[in-house]
Each structure stands twice: as structure tokens, then as C-alpha cells.
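These numbers come from the heavy atoms of this one structure, side chains and all, not from hydrogens, waters or symmetry mates. In this text, all values refer to a predicted model and were calculated from it rather than measured experimentally. Start at 1 with the first residue, then count along the sequence.
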Amino acid sequence: MTRLLRDTLEEWASEARVPHDLADRALRRRAWLPIGATVLAAGLAVAVAVFAIGLQGENTTVRPATGVSVPVRPTATSTELQADPDNAPPKKLVAAGNVAVSAYWTTKVEKLPDKWERYRRTWSLYDPRTGGYEQTSWAWADVAPGLQLAAVVEGDLIGKRVGILDMNTRQVLDWIDLEHAVGSVVWSPDGTKVLATAYSEFPDRRQAMGKDSFQVFPSPRIGYYVIDVATGEADYHALGPMSMDGSPGNSNARQDLGWSLDGSLLWQPSNTRPDKVFIDFDGKQVEAPAGDQYVYYTGRSKVSPNGKLVLGRDGLPTKITDQSGAVVGKQKVLQLLAWADDDNVVALGCAGECGNEFDNGLVLVSVDGSRMTQLTANRDRNNGEWSWVLTPRN
């Protein structure tokens, strides 16, 4: 796939969870699906000012009013294969090995005055009571490992209130009120903390300047919160956007932060190389963890659970190698997304002979590529997009 496709597919996802998949990248940022690649030439003047420290605010800690105690790490033990090959988005739980589609969102474009438009997400969360998915009104959502808790942002597009939701009862166990509005939340790998990226205004919007060209504006990111779920404490740290023309840099408006694989560091997404810039909890840039451990533009590990195999880059076909770099298998899929177990990978497959990369769906593929199971129906870009959240089941 071309860099332009990867960029177009990243702007409106993102993933940063900056993020996460081919279709999402075509909306969000590369798309996670980056729209920034299709905008005006570099010489075009930027119209929105850089955000000052005064707007970002000083680093603070917000303490909860309720002191509600929340379970730290719920446990799920099932690794049963569950698919919904007739529907996209799925109507019932999709899961394989230790990976589940815990949530998904659909996106629609809203036209605004003066040639502005914005991308609105509608979120659906897995509902253990029915085995399917329930549409919600949250501005953003993420599900904790174990599929028992969710973090949700209350608001229209961004919001100053984060809730910890019991997935089984659909009751909010605790509300964390924040000084700054946040536009995304993501759970730490151990399910004890929530990382929320703060913005001064809704980032997923753009202004048309002509046919297929759009004005480039600096990201409105101003900082982030690290929320301790058990205590409800929210530590705020000011962090402006990455440079639009730096190396590494990021010209996308949405610049959501993510967690390192062990939860000891954070990262911010770049649309140059490297694709992640690591920081400590105080926002200081640090060296990246040793080795290239991550699936491209995501927070997921590309190393198999047993540490022996490594997922390759996007492409048709994709490749899986051993730690020496020797190819052990090729797969007729567009992207390798997440390890289900040591022998199988959740991937983005394509319909028929892969004549249209946008006509795609989730599949489970074996390392050698000989076995493939359809997990969802293939989606047709003409019938609307949906983007999934992949979460460990335990």
C-alpha cells in the first residue's frame, strides 16, 4: 500500500490510539482512516496560532469527590473463537484467542459554516448481557483488558468528565471531573490506569480550500491526564502538539497519546519516522524501548506471546518472520493486527482476489497462511465505514 493511502487512512482514526487499522486510517489520519496528506502544499500559511503554556495550564492533580473503589484487573478466561461473518459491523461478539473486538465506532461527516466539516464518531460497546454490541452516546470509549470495565468520555465531541463503566451492569462506578476537556481515553496494559489526551477544541475537523484540498491547522492538543482508576486521582501534564514539519513530526490535528507495552512509558504519534516518540509520565522525551516491538501505528506488540515470531509490515501478501528475520510464513491479507495466540493472528483480510483494498474485513489467519477464518463480513466503503477496538480478553 502506498504511503499516501497509509497517511489518508490515519488522519481520522487512530489511532495515535493514534491508530488503528486500514479503514480507520482512511478516515482518521493515514487516515488511525490521515487526511493531512491530501491538503494544500507546504507553503500554505497556517491559520491557527500556537497554543501557549497559559492555555495548557499548569500540571495538576485532581482528586475524586466520591472515592469509589473500582476493581483493578477483572479476569476473563475464555479463548473461544467467536465470529459474525455475515455482518459488518458485527452484531455479536467477535473474538479469537486472547483478542476481542470490545468496541467499534462508525463515522459520519458533518458540514459546518464557512466550508468547515467535522468527523463525528458513534460508539458501540460490547454488551456481555446480550453477547452483542450496544450503541452509546459517549464521545469516546475504551475497554479494559478482561472486557469488564470501560472508560468513557461524557460530552458531545470532547468532554471534561471521564466515567468508569461496569460493562456487565452498564452502571458508571465512578466519575472523574477534569479541568481540561479530553478527546480520547485508553487503558494501561495492566488495566489500572487510564490515559486521556486533552484538547482545547475538537480535533477532527478541517476546512476546504478547493477541490480535494484542505487547510492545515496546528493540533489543538494541550496536554494529558494519567488517571488512577482505583483512587480516581487524575494527574495533568501540559503537552502541546508535535511540530507540523519536524522529523519526527505530526501534521495531524488528532494526536492521541498511547501506552508502551509494559505501561512504564507513554508515546505520541508521528506521521514521519519513527512513528512513535516516547515520553515519561511527566512528558519528558526518552529513548524508545529496545527493538521495534510495535505493530505499525498502534500500541500492540508485533512479537508473538512466546517471543519467537514477529509480525511484518502492511502489504499483500504480509509476512511473519522469526527473530532472526527469516520468513516463516506469508499471508494473503492487507494487515496483521494482533496475535490471537502463538499460531494465529487477527488480520485485515480482503474480499475475493483483493481487487479493492477498501472492501475488507477482519479474519483470523494462521502463521503459514494456510488457514483463514472470516471473523466479520467484508465492508464496502460505499456502504459506510466502521473501525474496531481490539482488546485482550484476560
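Val101 and Leu348 fall within a single hydrophobic cluster, where Ile, Leu, Val, Met, Phe, Trp and Tyr side chains are chained together by heavy-atom contacts under 4.5 Å. In this structure, Leu311 is a member of the same hydrophobic cluster as Leu309, with clusters built from ILVMFWY side-chain heavy atoms closer than 4.5 Å. Under a hydrophobic clustering in which Ile, Leu, Val, Met, Phe, Trp and Tyr are joined whenever their side-chain heavy atoms come within less than 4.5 Å, directly or via other members, Tyr133 and Met167 fall into the same cluster. Side-chain heavy atoms closer than 4.5 Å link hydrophobic residues (I, L, V, M, F, W, Y) into clusters, and following such links, possibly through other members, connects Phe217 to Leu112. Cluster annotation: Val186 is connected to Ile279 through the hydrophobic network of ILVMFWY side chains, with a link wherever side-chain heavy atoms come within less than 4.5 Å.
Within the 3.5 Å criterion, the main-chain N or O of Leu334 finds no donor-acceptor partner in the side chain of Glu357. Judged by distance alone, with hydrogens and angles left aside, the side-chain atoms of Ser270 form a donor-acceptor pair with the main-chain N or O of Gly249 at under 3.5 Å. Of the possible donor and acceptor atoms, none in the side chain of Asp282 sits under 3.5 Å from a partner among the backbone N and O of Lys284. No donor-acceptor pair under 3.5 Å is formed between the side chain of Tyr294 and the backbone N or O of Ser260. Although no hydrogens or angles enter the test, the distance criterion places no donor-acceptor pair under 3.5 Å between the side chain of Glu233 and the main chain of Thr231. Judged purely by atom type and a 3.5 angstrom limit, Arg206 has no side-chain atom pairing as donor or acceptor with the backbone of Ala253. Under a 3.5 Å cut-off, the side chain of Asp84 and the backbone N or O of Lys92 do form a donor-acceptor pair. With hydrogens and angles disregarded, a donor-acceptor distance shorter than 3.5 Å links the side chain of Gln323 to the backbone of Gly307.
At a threshold of 4.5 Å between non-hydrogen side-chain atoms, the residues Lys332 and Glu353 count as touching. Side-chain atoms of Tyr297 and Asn271, non-hydrogen and from C-beta on, do get closer than 4.5 Å to each other. The closest side-chain heavy-atom distance from Pro241 to Arg254 is not below 4.5 Å. The closest side-chain heavy-atom distance from Val277 to Gln285 is below 4.5 Å. Between Pro89 and Trp105 the shortest side-chain heavy-atom distance does not fall below 4.5 Å. With contacts defined as side-chain heavy-atom distances shorter than 4.5 Å, the pair Thr318/Ile320 does not qualify. Put simply, the side chain of Trp386 reaches to within 4.5 Å of the side chain of Thr106, judged on heavy atoms. The shortest distance between side-chain heavy atoms of Gln255 and Thr197 does not fall below 4.5 Å.
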Could you walk me through whether Val194 and Val229 pass the side-chain contact (heavy atoms from CB on, under 4.5 Å) check? CA-CA 7 Å; Val194 171; Val229 176; 3.8 Å; yes
So Val295 and Gln335, side-chain contact (heavy atoms from CB on, under 4.5 Å) or not? Walk me through it. CA-CA 10 Å; Val295 176; Gln335 289 178 284; over 6 Å; no
Let me see the working for Gln171 and Asp166 under side-chain hydrogen bond (donor to acceptor under 3.5 Å, both in side chains), right down to the final yes or no. CA-CA 5 Å; Gln171 299 298 309; Asp166 185 313; over 6 Å; no
Are Lys160 and Glu179 close enough, and set up right, to give a salt bridge (Lys or Arg N to Asp or Glu O under 4.0 Å), and what steps lead you there? CA-CA 6 Å; Lys160 293 184 176 181; Glu179 180 181 358; over 6 Å; no
Test log, rule side-chain contact (heavy atoms from CB on, under 4.5 Å), inputs Arg221 and Leu257: CA-CA 10 Å; Arg221 189 183 73 188; Leu257 302 182; 3.4 Å; yes
Chi angles and distances behind the side-chain contact (heavy atoms from CB on, under 4.5 Å) call for Arg379, Asn360: CA-CA 5 Å; Arg379 57 185 176 182; Asn360 54 55; 2.5 Å; yes
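By the side chain to side chain donor-acceptor pair (under 3.5 Å) test, Ser304 pairs with Asn306, sequence neighbours left out. With sequence neighbours excluded, the residues that form a side chain to side chain contact (heavy atoms under 4.5 Å, CB included) with Ala141 are Trp123, Leu125, Val152.
One finds the CE atom of Met242 at 6.0 Å from the OG1 atom of Thr272 (value rounded to the nearest 0.5 Å). Note that CG of Leu149 and CG of Asp174 are 11.0 Å apart. Values are rounded to the nearest 0.5 Å. One finds the CG atom of Asn250 at 8.5 Å from the CD atom of Gln268 (value rounded to the nearest 0.5 Å). Interatomic distance, Ser188 OG to Asp228 CG, rounded to the nearest 0.5 Å: 9.0 Å. Note that OG of Ser219 is 8.5 Å distant from CG of Asn252, once rounded to the nearest 0.5 Å. The CG atom of Asp342 sits 11.0 Å away from the CG atom of Asn98 when rounded to the nearest 0.5 Å.
With Asp256 as the fixed residue, the side chain to side chain donor-acceptor pair (under 3.5 Å) test singles out one of Tyr199, Tyr224, Trp140: Tyr199. Put simply, the residue from Trp259, Tyr236, Trp267, Tyr225 that forms a ring-ring contact (aromatic ring centres under 6.0 Å, His included) with Phe281 is Trp259.
A salt bridge links Arg129 with Asp127; the closest basic N to acidic carboxylate O contact falls under 4.0 Å. Ionic pairing of Asp86 and Lys91 is not present here: no N-O contact between side-chain nitrogen and carboxylate oxygen is shorter than 4.0 angstrom.
Scanning all heavy atoms of the two residues, the minimum distance from Arg170 to Pro128 falls at NH1-CD, 3.8 Å. Smallest separation of non-hydrogen atoms from Trp339 and Ser301: CD1-O, 3.7 Å. Heavy atoms only, all atoms of each residue included: Leu362 and Leu337 are closest at CD2-CD1, 3.6 Å. Contact record, Ile227 with Ala234: CG1-CB, 3.9 Å, taken as the closest heavy-atom pair. Contact detail for Ala96 and Leu81: the closest heavy-atom pair is CB-CD1, 3.7 Å. Between Ala351 and Asn378, the shortest heavy-atom contact is CB-ND2, 3.4 Å.
In the hydrophobic clustering, Val327 connects to no other residue, as no ILVMFWY side-chain heavy atoms lie under 4.5 Å from its own.
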